[in-house]
Number of protein chains: 2
Amino acid sequence: MSASLSGSKKTKEAPRTRDRAATEEKILAAVEQILARDGFSALGINEIARQAGVDKVLIYRYYGGLPELLRAFGERGNFWTSIEELLPDIAALREQPIAELLTAFLSRFIDALRKRPLTIEILAMEIDAPNALSQVLDEVREEWGRQVAKVLGGDTHPDTVELNVSINLIVAGALHLMVRARRTVAWSGIPIQQEQGWDAIKHGIAWLVPRMLSNGGMPHGK
Amino acid sequence: MSASLSGSKKTKEAPRTRDRAATEEKILAAVEQILARDGFSALGINEIARQAGVDKVLIYRYYGGLPELLRAFGERGNFWTSIEELLPDIAALREQPIAELLTAFLSRFIDALRKRPLTIEILAMEIDAPNALSQVLDEVREEWGRQVAKVLGGDTHPDTVELNVSINLIVAGALHLMVRARRTVAWSGIPIQQEQGWDAIKHGIAWLVPRMLSNGGMPHGK
DNA sequence: GCGTCTTGTCACTTGTCGGTGACTTTAAGC
DNA sequence: GCTTAAAGTCACCGACAAGTGACAAGACGC
């Protein structure tokens, strides 16, 4: 079926059989599918070639090897959530107490991440085997963290250092539960694979944040 | 080839002492060494036999396979921290505000876990590949969680549900940072491989806990 | 038409893994 | 002594992994 080109001198149509760009796309798509379906441990050259329906030698030719392929995959990006995506209504929220803003932010952050199983997978892989892909995510997240600090800390809160650590601890905890939820049904009684469990977590955060931001019960001046 | 000649079967000069108990111990020790040195991904039958200086067929004979070996290893126990170990002075602490008790508990919990790299390794392995070993740890931890709730929640706090979720979130966050610290130097600017970073985290917790336990700034009731 | 580079196919080497059959050597019971 | 069963050794298997060399065939410039 060698696509006998009947009068196709200028060949505008996409070449079917021989098309490097399409092959590269198939390879990248295979990476995504394998990661989503079986996780990082299943991500090898052979498996990628198999999934993409492509000879593995092409992976070496086009990318050099797995690390470079992962980097290329990582640069397709969109693995994290932008601040704007999380807080489109930031102007309105600024009218409210800061606790409202932070609560909304954390709650939406959880929802957004949980809709990105691929990101959670990368996060999990980073725990055991940091690689080119997780490094890309790492850089994005660091920059994100800086922006978050700026947006939320804009109104110079008195205890910025401790508050910052506390927020980071909560974020880390949420990420931990998301990562664990891939394989484990519950955490200390919280059903982290079910919507109900995450509602409880978000509810807990909504309870915690205002207390965290208040100076309740503390002697003044720290 | 195949020199079936019985000429000189001398090759091995050391007629290994024959001692099953000692061999089993060597195998279990090898598991521990590999886990501590290279992590779970390096833990295979061949590698264990190599590290133990023992033929792998003995692993199959004595344990049946890797899962059973892991279970046997897990039952050597001591992977978690008892409440008593964390709070030997609980009686004295009970005289203090509850915030003191909880702060001390979390802080010591972090210190205790960080001194158990093997436990952190098991925790990490559980994220990607729950197995017989992580299951043992899981059971211990669930029971531990129940005891903690009893000790800390003994004085019926008004907001037990949300408080419980919040504490769990903090614990999960701390565990996440410990697990990440095996391979990553920092988290959002916190140097989690250095004592200084963990001091900051504990300091943050000491700041957060009293606020969490107060009703600061909140309308009463809800 | 011709040659040439690129895309794609195939077969192969090398290494490691989990797992097993069959052997030899030791120690203990008689 | 002899028998026997356990402890330990050796060699092998099949599966699968990463990586490579050789080659067929489409696409393109001329």
Side-chain angles (χ1 to χ4, degrees), chain A residues 1-31 34-35 38-70 129 131-132, chain B residues 1-31 34 38-71 73 129 131-133:
Chain A
M1 191 105 338
S2 30
S4 65
L5 8 83
S6 50
S8 73
K9 282 180 165 278
K10 292 315 190 69
T11 167
K12 284 318 169 67
E13 27 260 69
R16 300 199 98 71
T17 64
R18 284 168 93 88
D19 187 341
R20 172 164 178 166
T23 299
E24 290 184 345
E25 186 48 46
K26 276 194 277 186
I27 293 170
L28 292 172
V31 170
I34 295 168
L35 274 182
D38 306 310
F40 176 66
S41 59
L43 196 67
I45 293 287
N46 287 306
E47 183 58 29
I48 294 170
R50 203 173 299 134
Q51 172 77 32
V54 150
D55 196 289
K56 63 176 168 181
V57 83
L58 299 180
I59 299 178
Y60 288 105
R61 276 226 273 269
Y62 296 158
Y63 295 98
L66 189 53
E68 296 90 340
L69 170 58
L70 288 185
N131 55 35
Chain B
M1 50 148 20
S2 61
S4 62
L5 338 163
S6 46
S8 54
K9 50 266 311 266
K10 72 303 119 234
T11 1
K12 50 263 7 9
E13 73 296 315
R16 307 295 128 163
T17 72
R18 258 177 134 137
D19 186 343
R20 171 162 179 167
T23 299
E24 290 183 346
E25 186 49 45
K26 276 195 277 186
I27 293 170
L28 291 173
V31 170
I34 295 168
D38 306 311
F40 175 67
S41 59
L43 196 66
I45 292 287
N46 287 306
E47 182 58 28
I48 293 170
R50 203 173 298 134
Q51 171 78 30
V54 149
D55 196 289
K56 63 176 168 180
V57 82
L58 299 181
I59 300 178
Y60 287 106
R61 277 227 272 267
Y62 296 159
Y63 295 98
L66 189 53
E68 295 89 342
L69 170 57
L70 288 184
R71 174 162 291 113
F73 178 73
N131 56 35
L133 179 49

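Chain letters run A, B, ... following the sequence lines, proteins first, then strands; residues in each count from 1.
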d([atom1], [X]; [atom2], [N]) in whole Å:
{"X": "Asp55(A)", "N": "dA25(D)", "atom1": "CG", "atom2": "P", "answer": "16 Å"}
{"X": "Asp19(B)", "N": "dT26(C)", "atom1": "CG", "atom2": "C1'", "answer": "13 Å"}
{"X": "Glu68(B)", "N": "dG18(C)", "atom1": "CD", "atom2": "P", "answer": "14 Å"}
{"X": "Leu70(A)", "N": "dA18(D)", "atom1": "CG", "atom2": "P", "answer": "12 Å"}
{"X": "Arg20(A)", "N": "dG8(C)", "atom1": "CZ", "atom2": "P", "answer": "9 Å"}
{"X": "Leu66(B)", "N": "dG18(C)", "atom1": "CG", "atom2": "P", "answer": "8 Å"}
{"X": "Arg18(A)", "N": "dA24(D)", "atom1": "CZ", "atom2": "P", "answer": "14 Å"}
{"X": "Gln51(B)", "N": "dC17(C)", "atom1": "CD", "atom2": "P", "answer": "13 Å"}

Can you check whether [X] has a side-chain N or O nearer than 4.0 Å to OP1 or OP2 of [N]?
{"X": "Arg50(A)", "N": "dA17(D)", "result": "yes"}
{"X": "Asn46(A)", "N": "dA18(D)", "result": "yes"}
{"X": "Thr23(A)", "N": "dT7(C)", "result": "no"}

Among [options], the one nearest [X] by side-chain distance:
{"X": "Arg61(A)", "options": "dG18(C), dA18(D), dT9(C)", "result": "dT9(C)"}
{"X": "Tyr62(B)", "options": "dT20(D), dG8(D), dT9(D)", "result": "dG8(D)"}
{"X": "Lys56(B)", "options": "dG18(C), dT20(D), dT9(D)", "result": "dG18(C)"}
{"X": "Tyr60(B)", "options": "dT20(C), dT7(C), dC10(C)", "result": "dT20(C)"}

Worksheet item: Shortest non-hydrogen contact from Leu43(B) to Leu66(B)?
Response: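 Closest pair (atom of Leu43(B), atom of Leu66(B), distance): O-CD2, 3.8 Å.
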Response to the item:
Residue pair Val57(B)/Glu47(B) against DNA chain C: nearer the 5' end by closest nucleotide is Glu47(B)
Practice prompt. Select base, sugar-phosphate, or nothing to describe what Val54(B) touches, counting heavy atoms under 4.0 Å on all strands.
Written response: nothing
Discussion item. Any base atoms under 4.0 Å from Leu58(A), or only sugar-phosphate, or nothing? Heavy atoms, all strands.
Written reply: base
